[in-house]
Amino acid sequence: MGRRGTTTWGAAALAVTAALAGCTVQPGSEPAWTRVTADDRNTGTGAPAAPPPAGSSPATTAPGPSPTRSALPPNSPAPSGPSSRPSGPSGPATPSAPPPAPAKVLWSPGDRGRDVREVQARLRQIAWLFEGPTGVYDRATEEAVKGFQDKRGLPSTGRMDSVSWQRLLDMTAEPGQWDLYLMGGQEPGPPDERCRKGRVLCIDKTTRTLRWMVDGRTLSHMPVRFGSVATPTREGVFSVYWKSRHHVSTLYDSPMPYAMFFSGGQAVHYSPDFAERGYAGASHGCVNVRDEDLIARLYAAVREGDKVVVHG
């Protein structure tokens with residue numbers, strides 16, 4: 001073998017010796033063709049990592065990139081290959097949420113009853129209503145509800161719905177019995193047993209009502225008002241001893257039309273103040289009636305000598 005052959009054999013021997021001596025490519029200096037790119041994800045085409053040199057100690061630094069995705073060196077441009085996100089036709093668009101259903105209407109014009117009285121009583125507390133309560137959802141109540149709703153940015157329908165009602169409850173106090181029936185309208189209670197015979201003005205201080213009864217039958221009834229704590233209406237069994245159509249009180253200098261006296265200066269009579277203010281006021285001991293038509297008919301029917309029963 002000549003000198004050329006010897007040289008060739010020596011180069012080959014040197015290459016084998018270098019491989020056996022453990023020469024490896026240092027991290028960060030590997031040629032570009034050994035790097036794993038984004039296009040290699042989950043393909044296994046990257047070069048396997050070389051084993052650590054014999055006798056070396058375990059690494060103490062944080063683990064490197066995932067075996068299937070090596071980090072790019074600094075300042076390397078982002079890969080320009082196709083996105084790994086699967087492509088395909090996009091799904092149907094998510095439908096928009098339907099508009100909220102309108103609040104449930106609880107009471108509206110034309111409704112009647114105790115619940116309507118409570119609506120009216122609560123509206124009175126915050127000065128949106130100045131009439132009643134009447135128990136009838138009338139035009140005044142509708143306009144008051146509209147104003148209340150508009151003031152608070154609610155749909156101004158004039159109908160009391162669940163949202164408006166909750167807002168009204170939050171702003172007002174629970175009305176009492178005589179807040180609900182401030183202007184009358186309450187039903188009478190059962191008549192006293194002493195009222196079941198003869199011709200009787202049966203007056204109930206508990207329900208604040210007067211029944212006109214003949215032989216146990218109620219011919220008419222009406223709300224009435226009594227004296228204050230300082231000037232209470234006397235209770236017991238009496239009789240009408242004097243009627244005075246256009247009477248004027250000499251003690252208080254106030255009119256007492258349709259007066260039917262039953263105990264000293266106490267009488268059943270019409271009261272303009274009761275008609276205007278309801279149970280917000282009181283009498284000086286008399287039994288006040290607020291409905292002039294009703295007491296006019298009662299005055300015509302009652303005779304002097306008829307029984308009067310005041311109970312409570």
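Bear in mind that the values here come from a model prediction, so they are computed numbers and not experimental data.
Leu219 contributes atom CG, which lies 10.0 Å from atom CG of Leu298 (distance to the nearest 0.5 angstrom). Between the OH atom in Tyr279 and the CG atom in Asn288 there is a gap of 9.5 Å [rounded to 0.5 Å]. Here Lys146 contributes atom NZ and Leu154 contributes atom CG; the two are 14.5 Å apart, rounded to the nearest 0.5 Å. With values rounded to the nearest 0.5 angstrom, Ser271 atom OG is found 12.5 Å from Asp291 atom CG. Rounding to the nearest 0.5 angstrom, the gap separating the CZ atom in Arg112 from the CG atom in Asp115 is 14.5 Å. Here the OG-CD distance, from Ser239 to Glu304, works out to 9.5 Å after rounding to the nearest 0.5 Å.
Residues Arg277 and Met183 have side chains not in contact (no heavy-atom distance under 4.5 Å, counting atoms from C-beta outward). For the pair Val302 and Val240, the minimum side-chain heavy-atom distance is below 4.5 Å. Side chains of Leu106 and Asp161 form no contact here, defined as non-hydrogen atoms less than 4.5 Å apart. Residues Arg208 and Gln186 have side chains in contact (heavy-atom distance under 4.5 Å, counting atoms from C-beta outward). Annotation: side chain of Trp165 is in contact with side chain of Val119 (closest heavy-atom distance under 4.5 Å). Between Leu210 and Val268, some side-chain heavy-atom pair lies under the 4.5 Å cut-off. Side chains of Pro175 and Arg122 form a contact here, defined as non-hydrogen atoms less than 4.5 Å apart. Here the side chains of Met260 and His269 are not in contact, with every heavy-atom distance at 4.5 Å or above.
A donor atom on one side chain and an acceptor atom on the other are not found under 3.5 Å apart for Arg225 and Ser283.
Between Ser156 and Asp150, the closest heavy-atom pair is OG-CB, 4.1 Å. For Cys195 against Val309, the heavy-atom pair with the smallest separation is SG-CB, 3.8 Å. The nearest pair of heavy atoms linking Phe226 to Asp204 is CZ-O, 3.7 Å. Here the closest heavy-atom approach between residue Ala144 and residue Trp128 is recorded as CB-O, 3.1 Å. Heavy-atom minimum distance, His221 versus Leu294: O-CD1, 4.1 Å. Taking both residues in full, the closest heavy atoms of Arg234 and Gln266 are given as N-OE1, 3.2 Å, listed atom of the first, atom of the second, then distance.
The cluster map of Ile, Leu, Val, Met, Phe, Trp and Tyr, joined by side-chain heavy atoms under 4.5 Å apart, puts Leu201 and Ile295 in the same cluster. There is a path of hydrophobic side-chain contacts, each under 4.5 Å, that joins Trp178 to Phe274. Connection of Trp212 to Phe262 is established within a shared hydrophobic cluster, with ILVMFWY side chains joined at heavy-atom distances below 4.5 Å, either directly or through further cluster members. There is no path of hydrophobic side-chain contacts, each under 4.5 Å, that joins Val310 to Met213. Criterion: ILVMFWY side-chain heavy atoms under 4.5 Å apart, direct or through other members. Under it, Leu180 and Val224 are not part of a common hydrophobic cluster.
Between the side chain of Asp111 and the main chain of Ser108, a donor-acceptor pair closer than 3.5 Å is present. Arg124 places a side-chain N or O within donor-acceptor distance of the main-chain N or O of Phe130, the cut-off being under 3.5 Å. Side chain of Thr209 to backbone of Met222: no donor-acceptor contact under 3.5 angstrom is found. Using a distance-only test at 3.5 Å, with no hydrogens or angles considered, a donor-acceptor pair links the side chain of Gln125 to the main chain of Ala173. With hydrogens and angles ignored, the 3.5 Å screen pairs no side-chain donor or acceptor of Ser249 with any backbone N or O of Ser254. The backbone N or O of Ala301 sits less than 3.5 Å from a side-chain atom of Arg199, completing a donor-acceptor pair.
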side-chain contact (heavy atoms from CB on, under 4.5 Å) assessment of Cys286 paired with Met256: CA-CA 9 Å; Cys286 289; Met256 298 171 55; 3.8 Å; yes

side-chain contact (heavy atoms from CB on, under 4.5 Å) assessment of Val237 paired with Lys307: CA-CA 7 Å; Val237 179; Lys307 186 191 300 185; 4.0 Å; yes

CA sep, side-chain torsions, deciding dist, call: Arg114, Glu118, side-chain contact (heavy atoms from CB on, under 4.5 Å): CA-CA 6 Å; Arg114 190 258 179 214; Glu118 183 170 349; 2.6 Å; yes

Verdict with reasoning, Ile126 to Leu168, per side-chain contact (heavy atoms from CB on, under 4.5 Å): CA-CA 9 Å; Ile126 53 176; Leu168 185 60; 3.7 Å; yes

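Under the side chain to side chain contact (heavy atoms under 4.5 Å, CB included) criterion, Val248 pairs with Asp253, sequence neighbours left out. For Arg245, the side chain to side chain contact (heavy atoms under 4.5 Å, CB included) partners are Pro257, Tyr258, Tyr299, not counting sequence neighbours.
Using a 4.0 Å cut-off between a side-chain N of Lys or Arg and a carboxylate O of Asp or Glu, Lys205 and Glu235 qualify as a salt bridge.
Identified under the side-chain hydrogen bond (donor to acceptor under 3.5 Å, both in side chains) test for residues 129-144, with sequence neighbours left out: Gln120-Thr134, Gln120-Thr141, Asp138-Thr141, Arg139-Glu143.
Screening Arg152, Gln149, Arg159 for a side-chain hydrogen bond (donor to acceptor under 3.5 Å, both in side chains) involving Ser164 leaves a single residue, Gln149.
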